[in-house]
Novice: 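Here you go, one structure.
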Amino acid sequence: GLGKTHLIQAIAAELRCCGRDRSLYIPSDRLIDELMESFKNRSVEQVRKRLSSARWLLVDDIHFLSGRQQIQEEFYHIFDAIYRQKGQIVLTSDRPPKEIPQLPQRLVSRFGDGAIVTLAPPCLRTRIAIIRHKAARLGLALRPDSILLLASRIRTNVRRMEGALNRIAAHAAMTGHPASWDRVEEVLRDTLFEDDGEGITIRKIQQAVSAHYRLKPSLLLGATRAGGVALPRQIAMYLCRKLTGSPFADIGAAFSGRDHTTALHACKTVEGLLSSMTETREAVDELVASIRP
């Protein structure tokens, strides 16, 4: 879900636009089906010749060749023929060549001869932008705290983001209820979210907020209500709620024994600022990125 198929299809489209008639884009499942059919029909030479004649060969999801010895053998000959003719070959895979199981070493070596480009998961800021864009296309109104919740929980797969938004949109349409943070949490609980919150604690959040605002932890947790401390403390409480799901009573208690109403007020205050204050929104985004990259 990181866009490798989109990119390889874009390359194929650009080649067609440039009049590269000898370019060929083929998903690996279609390649496998075509070769398997040629084995049955005794037409392997014809298929091999057609594929080998490509000046630009683009094969998507090459990892599906794993364990298919006969297919691997044929693809090696096709690859080698194009390589010797100084053709261009583009492959996509969900892992590096050396990590594809049951792939012969000579194919691993061939695949590793070229440039290998890694598509890394999007950072928090990019995930937030993706969710905002896709929510707008769905006509789905999401508050900043709901967007932050989705972006901080779904970290490695854009398709999962789309699935989550589709589910939220469908639920909102059926019930007529707005997509609030609590409703987003309820609809998606235990189904679509990845479990990457392990290791995030109230203490870790307090330390991150103290470091971000250059405050001594004792000040953040203390009784002072000075302007330079009150907002960071409220943000810390807000993040404790959103990233750990802890009850308001537990959050208040972790801040020098404050009660649950203080934590609840802090969360409502920060939610309001996220909608109106760019500076607060950017600070929260940076903190979430440092706590949950």
Side-chain angles (χ1 to χ4, degrees), residues 1-14 17 60 92 94 117-197 200 212 231 234-235 238-245 266-293:
L2 295 178
K4 58 183 175 13
T5 296
H6 177 86
L7 286 175
I8 196 170
Q9 289 182 350
I11 296 170
E14 182 68 14
C17 286
D60 197 12
T92 71
D94 65 357
V117 179
T118 300
L119 297 182
C123 66
L124 177 70
R125 192 176 298 277
T126 303
R127 297 197 301 271
I128 289 173
I130 291 170
I131 290 170
R132 283 178 178 155
H133 174 72
K134 291 186 178 296
R137 291 185 64 180
L138 288 170
L140 179 64
L142 286 177
R143 286 170 36 176
D145 59 339
S146 297
I147 293 173
L148 178 64
L149 174 65
L150 287 164
S152 63
R153 295 281 188 92
I154 306 177
R155 302 171 57 195
T156 63
N157 193 307
V158 175
R159 282 198 205 99
R160 183 165 288 186
M161 290 182 191
E162 292 176 327
L165 288 169
N166 288 334
R167 185 178 173 90
I168 294 166
H171 188 274
M174 286 188 294
T175 63
H177 295 301
S180 65
W181 183 90
D182 288 336
R183 192 157 296 280
V184 170
E185 176 86 338
E186 176 186 348
V187 169
L188 299 175
R189 185 180 296 129
D190 299 328
T191 56
L192 293 175
F193 284 159
E194 297 165 340
D195 186 17
D196 357 344
I200 296 180
H212 180 84
L231 180 58
Q234 289 175 328
I235 288 175
Y238 170 83
L239 291 174
C240 287
R241 174 66 175 173
K242 300 307 180 185
L243 299 184
T244 71
C267 289
K268 289 184 176 180
T269 299
V270 174
E271 286 171 2
L273 292 174
L274 287 173
S275 300
S276 58
M277 297 291 291
T278 301
E279 185 179 350
T280 303
R281 188 163 58 247
E282 289 178 350
V284 169
D285 289 351
E286 289 176 13
L287 282 163
V288 173
S290 68
I291 296 165
R292 174 186 268 157

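We number each residue from 1, following the sequence as shown.
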Novice: Among residues at least two apart in sequence or on other chains, which ones pass side-chain contact (heavy atoms from CB on, under 4.5 Å) with Thr118?
Specialist: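 side-chain contact (heavy atoms from CB on, under 4.5 Å) list for Thr118, sorted by chain: empty.
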Novice: Under 6.0 Å from the CZ atom of Arg159, do we count more than 12 heavy atoms belonging to anything else shown?
Specialist: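 It does not: Arg159 CZ has 12 such atoms or fewer within range.
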Novice: Can you see which heavy atom on Arg241 is nearest to which on Cys267, and at what distance?
Specialist: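 Taking every non-hydrogen atom into account, CB-SG, 3.7 Å.
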Novice: Taking all non-hydrogen atoms of both residues, which atom of Ala283 and which atom of His212 are closest, and how far apart?
Specialist: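 Reported closest heavy-atom pair: CB-NE2, 4.1 Å.
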Novice: As an exercise, state the distance from CG of Leu148 to OH of Tyr238, rounded to the nearest 0.5 Å.
Specialist: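 One gets 5.0 Å once the value is rounded to the nearest 0.5 Å.
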Novice: Where do Leu165 and Leu150 land on the side chain to side chain contact (heavy atoms under 4.5 Å, CB included) test, with the steps shown first?
Specialist: CA-CA 9 Å; Leu165 288 169; Leu150 287 164; 3.9 Å; yes
Novice: Ile130 and Glu162: side chain to side chain contact (heavy atoms under 4.5 Å, CB included), yes or no, with the steps?
Specialist: CA-CA 9 Å; Ile130 291 170; Glu162 292 176 327; over 6 Å; no
Novice: Name all residues meeting the salt bridge (Lys or Arg N to Asp or Glu O under 4.0 Å) criterion together with Glu271; count only those two or more places apart in sequence or in a different chain, and write none if there are none.
Specialist: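 Scan of Glu271 (salt bridge (Lys or Arg N to Asp or Glu O under 4.0 Å), adjacent residues dropped) gives Arg143, Lys242.
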Novice: Output the distance between atom CZ (Arg281) and atom OG (Ser275), rounded to the nearest 0.5 Å.
Specialist: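 The OG atom of Ser275 is 8.0 Å from CZ of Arg281, to the nearest 0.5 Å.
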Novice: Using the side chain to side chain contact (heavy atoms under 4.5 Å, CB included) rule, take Thr278 and Glu282 through it: C-alpha gap first, then chi angles, then the decisive distance, then the call.
Specialist: CA-CA 6 Å; Thr278 301; Glu282 289 178 350; 3.6 Å; yes
Novice: Can you name the nearest heavy-atom pair linking Leu124 to Ala289, along with the distance?
Specialist: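 Taking every non-hydrogen atom into account, CD2-N, 3.5 Å.
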Novice: Tell me the closest heavy-atom pair linking Ile131 and Met161, and the distance in Å.
Specialist: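 Closest approach of Ile131 to Met161: CG1-SD, 4.0 Å.
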Novice: To the nearest 0.5 Å, how far apart are CD in Glu286 and CD1 in Ile291?
Specialist: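 Here the interatomic distance stands at 11.5 Å.
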Novice: Could you give the distance from CG (Leu142) to CD1 (Ile147), rounded to the nearest 0.5 Å?
Specialist: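 Those atoms lie 5.5 Å apart.
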Novice: If I take atom OG1 from residue Thr280 and atom CD from residue Gln234, how far apart are they, to the nearest 0.5 angstrom?
Specialist: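 Reported value, rounded in 0.5 Å steps: 10.0 Å.
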Novice: Show your reasoning for whether side chain to side chain contact (heavy atoms under 4.5 Å, CB included) applies to Ile235 and Leu273.
Specialist: CA-CA 10 Å; Ile235 288 175; Leu273 292 174; over 6 Å; no
Novice: Show the nearest heavy-atom pair for residues Lys134 and Val158, with the distance to one decimal.
Specialist: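 Smallest heavy-atom distance, with atoms named: CE-CG1, 3.9 Å.
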Novice: Got a second to check how far Ile128's CD1 is from Cys123's SG, nearest 0.5 Å?
Specialist: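 So the gap between those two atoms works out to 8.5 Å.
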Novice: What residues form a side-chain hydrogen bond (donor to acceptor under 3.5 Å, both in side chains) with Thr126, not counting sequence neighbours?
Specialist: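 Once residues adjacent in sequence are excluded, Thr126 has no partner under the side-chain hydrogen bond (donor to acceptor under 3.5 Å, both in side chains) criterion.
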Novice: Tell me, do Leu239 and Thr244 make a side-chain contact under 4.5 Å, heavy atoms counted?
Specialist: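 A side-chain contact is absent here, since even the closest heavy-atom pair is not under 4.5 Å.
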